[in-house]
Amino acid sequence: FGGLGRSRHADAQEKIMSYISKVGVTTRSAVLTKFYRDVDSISLGEIERIMEEMKVVGVSYNIQTKEKVYRWMAGDGK
């Protein structure tokens with residue numbers, strides 16, 4: 001049954017969320033560099049949308065550096 005089980009990005013998402021919760025603020029390029037074995041740019045985009053919808057990570061765009069910035073928003077670190 002194809003619809004049952006874990007998300008295909010579940011492991012990578014957990015690692016990324018844990019990392020962002022520890023550092024507080026980071027950039028998309030830093031996440032891609034740290035987790036290049038786990039995600040590609042497209043997968044990170046999907047994870048990014050999920051984290052935003054969960055309201056655990058805020059995503060903004062820094063015009064000066066031309067880069068997405070991730071900010072941890074959940075209060076308890078997880």
Side-chain angles (χ1 to χ4, degrees):
F1 296 89
L4 301 177
R6 295 171 56 109
S7 163
R8 62 186 167 146
H9 301 303
D11 293 333
Q13 181 175 330
E14 180 61 31
K15 289 178 185 178
I16 291 168
M17 286 175 59
S18 178
Y19 172 72
I20 297 172
S21 75
K22 286 179 183 145
V23 298
V25 177
T26 190
T27 61
R28 180 179 173 87
S29 64
V31 170
L32 282 168
T33 299
K34 183 162 183 66
F35 298 100
Y36 72 92
R37 290 184 184 101
D38 300 300
V39 295
D40 57 23
S41 183
I42 293 169
S43 299
L44 182 55
E46 293 175 19
I47 292 169
E48 177 184 302
R49 284 187 294 280
I50 292 166
M51 292 187 302
E52 276 190 294
E53 290 176 9
M54 292 171 66
K55 299 189 185 320
V56 296
V57 171
V59 181
S60 60
Y61 186 76
N62 184 323
I63 295 171
Q64 293 175 331
T65 62
K66 298 179 180 170
E67 187 160 34
K68 282 190 176 180
V69 177
Y70 301 141
R71 182 176 310 277
W72 187 252
M73 296 174 52
D76 64 356
K78 276 269 172 170

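Numbers here are sequence positions counted from 1.
Within the model, atoms CG of L44 and CD of Q13 stand 10.5 Å from one another, a figure rounded to the nearest 0.5 Å. Here the NZ-CD distance, from K68 to E48, works out to 3.5 Å after rounding to the nearest 0.5 Å. Rounded to the nearest 0.5 Å, atoms CZ (R28) and CD (E67) are 9.5 Å apart. One finds the CG atom of D11 at 8.5 Å from the CD atom of E14 (value rounded to the nearest 0.5 Å).
Under a hydrophobic-cluster definition in which Ile, Leu, Val, Met, Phe, Trp and Tyr are linked whenever side-chain heavy atoms come within less than 4.5 Å, directly or via other members, Y70 and V23 are assigned to the same cluster. No single ILVMFWY cluster, assembled from side-chain heavy atoms under 4.5 Å apart, contains both V69 and F35. Connection of V39 to Y19 is established within a shared hydrophobic cluster, with ILVMFWY side chains joined at heavy-atom distances below 4.5 Å, either directly or through further cluster members.
Residue H9 comes nearest to S43 through the heavy atom pair CE1-OG, 3.2 Å, listed as atom of the first residue, atom of the second, then distance. Taking each heavy atom of A12 and I47 in turn, the nearest pair found is CB-CD1, 4.1 Å. Annotation for M17 and M54: closest pair CE-CE, 3.8 Å, computed over non-hydrogen atoms.
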Worksheet entry | I20/M51 under side chain to side chain contact (heavy atoms under 4.5 Å, CB included): CA gap, chis, key distance, verdict | CA-CA 11 Å; I20 297 172; M51 292 187 302; 4.0 Å; yes
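Here the side chains of I16 and D38 are not in contact, with every heavy-atom distance at 4.5 Å or above. Residues W72 and V57 have side chains in contact (heavy-atom distance under 4.5 Å, counting atoms from C-beta outward).
No more than 12 heavy atoms of other residues, nucleotides or ligands lie within 6.0 Å of OH in Y36, so this atom counts as exposed by the packing criterion.
Using modelled atom types, one side-chain atom of T33 and one backbone atom of S29 make a donor-acceptor pair closer than 3.5 Å.
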